[in-house]
Amino acid sequence: MKQIIATVPLFDLGRGAFCDASLFQGIDLDTLRSIEADWTPIFDAAAPENPPEDAHWEWAAKALQALQNPLSYELFGIEADARTQGMMLVVKGGPKCFSRHPEHPRAPLIYVDFLATAPWNRPGLTATPTYKGVGRLLFMTAVSLSIEEEFAGRIGLHSLPGAEAFYRNRLNMTDMGKDDAYQNLRYFELSTTQARQLIAARP
Amino acid sequence: MKLCVDNDWLRRQIGNDPIADVEAGRVIRRSADVVKAAEAAAQPQAVAVAGAPKREDAPLALLIHMTRRRDRLTIAQFAERIRVSVDEIATIEKDPRYSPRPRTIHNLAEYVKVPAKALLNLLPDAPVVDQSLDEAVYKFAASSDDLSGLSRAERRGLNDFVKFLTAYKGGTEADGK
């Protein structure tokens with residue numbers, strides 16, 4: 001089930017002004033349709049790949065039915081202009097949800113399984129991105145969930161190479177180095193102290 | 001769920017953020033990628049620590065079951081008492097491979113009055129590296145029988161196990177200890 005959590009600001013780079021977007025918890029068929037209709041053709045045009053046999057949204061929609069009311073994860077999405085601007089799946093339990101940070105080894109945390117923005121919002125894919133702020137909004141949603149789950153804002157994630165500077169410099173996460181158990185992507189953590197500082201931050 | 005920052009905070013931060021890629025974790029290009037991620041996340045217990053032995057004796061399920069019986073609580077009452085969903089308590093008791101959410105572990109530890117770290121060692125994906133814990137689990141499992149109320153021996157078994165967990169200082173390989 002999908003439900004709106006809040007109306008949040010996104011920065012419209014074309015207009016140079018903030019606009020309203022909707023932050024959702026959960027997913028529905030419209031979200032899957034939006035990803036398949038709006039995202040996939042752009043990704044395929046940029047770097048074609050052979051989709052697996054079952055990679056149709058109709059299949060995905062059926063499969064999703066079996067995944068309602070999850071205990072161990074949450075899906076969040078941001079919508080503006082009737083399109084999905086970004087999505088995030090976070091995991092609340094299991095082996096990835098224990099801290100590797102020296103501040104609190106093995107303390108429970110929220111692990112970001114994926115954080116993805118629409119292709120038109122990615123400077124790596126387009127010279128003129130549409131919106132700025134999707135990553136920040138989704139990340140702060142994960143921090144909020146972490147607080148709600150009594151994990152004090154702790155977050156773990158594997159950054160894709162183009163995003164490392166964002167997590168290191170803008171969100172002040174600790175870079176724990178390359179993780180050879182996860183395609184050599186760098187693993188980042190937001191510790192309890194860093195979460196507190198992030199929320200208290202003044203630009 | 002409520003956001004921990006307000007829209008003024010978000011506007012200020014987003015305004016100062018560079019125009020940058022922000023992607024993390026698995027690559028999402030199509031709807032099927034989202035569903036596959038959700039399927040994988042729905043079964044965290046299937047992710048094993050490489051090379052580690054697995055717990056087969058479901059000590060956490062047993063601990064919950066015995067504690068419920070001691071306190072004469074139904075699954076629903078117990079779930080309410082420790083502030084987690086009924087589904088999750090039922091799943092823990094039914095499925096020995098299910099690895100509960102950290103919050104559940106935290107709340108359960110609070111209720112049973114043992115350190116949460118000790119309970120982490122009872123999870124199905126916790127590699128067992130400490131023989132004393134293994135022995136305590138075995139003894140606890142052997143002491144239980146599914147009668148309606150706790151027998152004196154069962155009560156003693158539960159008390160001994162809780163006492164052991166309270167004093168337990170060992171760790172798992174994942175602790176790096």
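The nearest pair of heavy atoms linking A:T192 to A:A152 is CG2-CB, 3.7 Å. Of all the heavy atoms in A:A21 and A:A80, the pair that sits closest is CB-CB, 4.1 Å.
Residue contact with chain A, scored on non-hydrogen atoms closer than 4.5 Å, involves the side chain of B:N107 exclusively. Within the 4.5 angstrom heavy-atom criterion, only side-chain atoms of A:Q25, from C-beta onward, approach chain B. For A:E149, the parts lying under 4.5 angstrom from a heavy atom of chain B are both the backbone and the side chain. For A:T7, the part sitting under 4.5 Å from any heavy atom of chain B is the backbone (N, CA, C, O) and nothing else. In this structure, chain B has no heavy atom under 4.5 Å from any part of A:Y131. Residue B:T91 touches chain A through its side chain alone, counting heavy-atom pairs closer than 4.5 Å.
Scanning residues 9-17 of chain A against chain B with a 4.5 Å heavy-atom cutoff picks out A:P9, A:F11, A:L13, ordered by number.
One finds no salt bridge joining B:E110 and B:R81 here, because no Lys/Arg side-chain nitrogen approaches an Asp/Glu carboxylate oxygen to under 4.0 Å. Ion pairing of A:R186 with A:D175 is present here, as a side-chain N (NZ or NE/NH1/NH2) and a carboxylate O approach within less than 4.0 Å. Using a 4.0 Å cut-off between charged side-chain N and carboxylate O, A:D44 and B:R30 make a salt bridge.
Here the side chain of B:E23 pairs a donor or acceptor atom with the backbone of A:T117 at under 3.5 angstrom. A donor-acceptor contact shorter than 3.5 Å links the side chain of A:K132 to the backbone of B:I14.
Taking the ring centroids of B:Y111 and B:F78, they lie under the 6.0 Å cut-off. Annotation: A:F188 is not in aromatic contact with A:H158 [ring centroid separation under 6.0 Å not met].
Comparing A:W39, A:Y167, A:F139 by how many heavy-atom pairs each has under 4.5 Å with chain B, the most go to A:Y167. Note: A:T141 leads A:T141, A:N121, A:I147 in heavy-atom pairs under 4.5 Å with chain B.
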